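Report on the structure given below.
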Amino acid sequence: MRNRAYTLACGVMLMLGTAGLGVAQDGGQQPSAREQFQHIHTPQSIDQKLASLTKDLELTPEQQRQVGPLLQEHHAKIRALLDKNPTASRQDMGPQIHAISDETHHKIHALLTDHQKELEREMVQREHNGEENRRSAPPAPAKPSSPPS
């Protein structure tokens, strides 16, 4: 059970786009968490994340209307946390950011059908394995390699 919770927490971090940033900048100094996350938590990123979840989890229009505000709430909570702690490191802020993301993930997860939960599990597994976070499209049909006449 604990492993599942850990997997979900990791998945939500990936799913909500808060993982994968580099930590070193010029001179080897680590930027603050606020500096690292400011470009991720933007209104455009909320729209992109909703579009990504819609595609990956096959969200219905009604689910999209429910998930959008959850992503906005997530954004607002992260932004408020970073604004309150402008010089804190990513390492220091990590547990609080994880908790916010975990809460959001649980709310979204509760809206999903069994089929969508399976798609979510597969998405988390792909992300955990470092693979592309989108379900791959079917391969394009092969075209003959003969030169045009």
Side-chain angles (χ1 to χ4, degrees), residues 1-26 29-142:
M1 181 71 174
R2 184 174 191 149
N3 188 24
R4 174 141 171 86
Y6 174 77
T7 301
L8 289 174
C10 289
V12 77
M13 291 303 296
L14 292 168
M15 184 171 72
L16 295 174
T18 57
L21 295 175
V23 289
Q25 278 190 342
D26 295 333
Q29 288 188 337
Q30 290 186 344
S32 70
R34 184 178 190 193
E35 292 169 329
Q36 288 182 328
F37 291 116
Q38 68 187 0
H39 71 283
I40 288 179
H41 292 283
T42 65
Q44 295 83 8
S45 69
I46 295 169
D47 293 340
Q48 291 169 344
K49 183 47 58 185
L50 181 58
S52 172
L53 292 175
T54 297
K55 178 181 177 184
D56 290 343
L57 302 179
E58 301 173 0
L59 297 180
T60 66
E62 178 60 28
Q63 287 172 318
Q64 291 174 50
R65 284 188 288 276
Q66 294 171 317
V67 169
L70 294 175
L71 295 176
Q72 291 172 348
E73 176 185 34
H74 176 265
H75 164 79
K77 287 180 177 181
I78 298 282
R79 176 69 62 199
L81 179 65
L82 297 176
D83 288 346
K84 281 172 128 177
N85 304 283
T87 59
S89 72
R90 180 177 176 184
Q91 184 177 5
D92 292 339
M93 301 306 315
Q96 294 165 308
I97 291 171
H98 282 279
I100 293 167
S101 295
D102 193 42
E103 175 188 358
T104 303
H105 174 263
H106 282 87
K107 289 177 180 179
I108 293 171
H109 185 80
L111 300 172
L112 302 179
T113 66
D114 289 342
H115 172 69
Q116 290 168 324
K117 288 175 183 176
E118 179 61 25
L119 293 174
E120 176 192 39
R121 186 191 65 71
E122 292 170 2
M123 180 180 71
V124 169
Q125 185 62 44
R126 285 191 309 273
E127 290 169 345
H128 179 72
N129 291 338
E131 298 172 21
E132 186 179 345
N133 66 352
R134 302 273 185 272
R135 287 185 292 137
S136 58

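This structure is a prediction, so every number in the text was calculated from the model and none was measured.
- Using a 4.5 Å cut-off on side-chain heavy atoms (C-beta onward), Lys77 and Glu103 make contact.
- Residues Asp102 and His106 have side chains in contact (heavy-atom distance under 4.5 Å, counting atoms from C-beta outward).
- How far CG of Asn129 is from CD of Glu127: 10.5 Å, rounded to the nearest 0.5 Å.
- Between atom CG of residue Leu57 and atom CD of residue Glu122 there is a gap of 10.5 Å, rounded to the nearest 0.5 Å.
- Of all heavy-atom pairs spanning Thr60 and Gln116, the tightest one is N-NE2, 4.3 Å.
- Although no hydrogens or angles enter the test, the distance criterion places no donor-acceptor pair under 3.5 Å between the side chain of Gln64 and the main chain of Thr54.
- Residue Gln63 comes nearest to Leu112 through the heavy atom pair NE2-CA, 3.9 Å, listed as atom of the first residue, atom of the second, then distance.
- At least one side-chain heavy atom of Met93 sits less than 4.5 Å from a side-chain heavy atom of Gln96.
- Ion pair Lys117/Glu120 not flagged as a salt bridge, since none of the NZ, NE, NH1 or NH2 atoms sits closer than 4.0 Å to an Asp/Glu carboxylate oxygen.
- Pairing each heavy atom of Val67 with each of Leu111, the nearest pair is CG2-CD1, 3.9 Å.
- For the atom pair CG of Leu59 and CG of Leu53, the computed distance is 6.0 Å after rounding to the nearest 0.5 Å.
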| task | Show the numbers, then the answer: is there a side-chain contact (heavy atoms from CB on, under 4.5 Å) between Lys107 and Glu73? | result | CA-CA 11 Å; Lys107 289 177 180 179; Glu73 176 185 34; 3.2 Å; yes
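- When all heavy atoms of Thr104 and Leu70 are compared, the closest pair comes out as CG2-O, 3.9 Å.
- When side chains are defined from C-beta on, Leu119 counts as touching His115, because their heavy atoms get closer than 4.5 Å.
- With His75 contributing its side chain and Leu71 its backbone, the two residues share no donor-acceptor pair below 3.5 Å.
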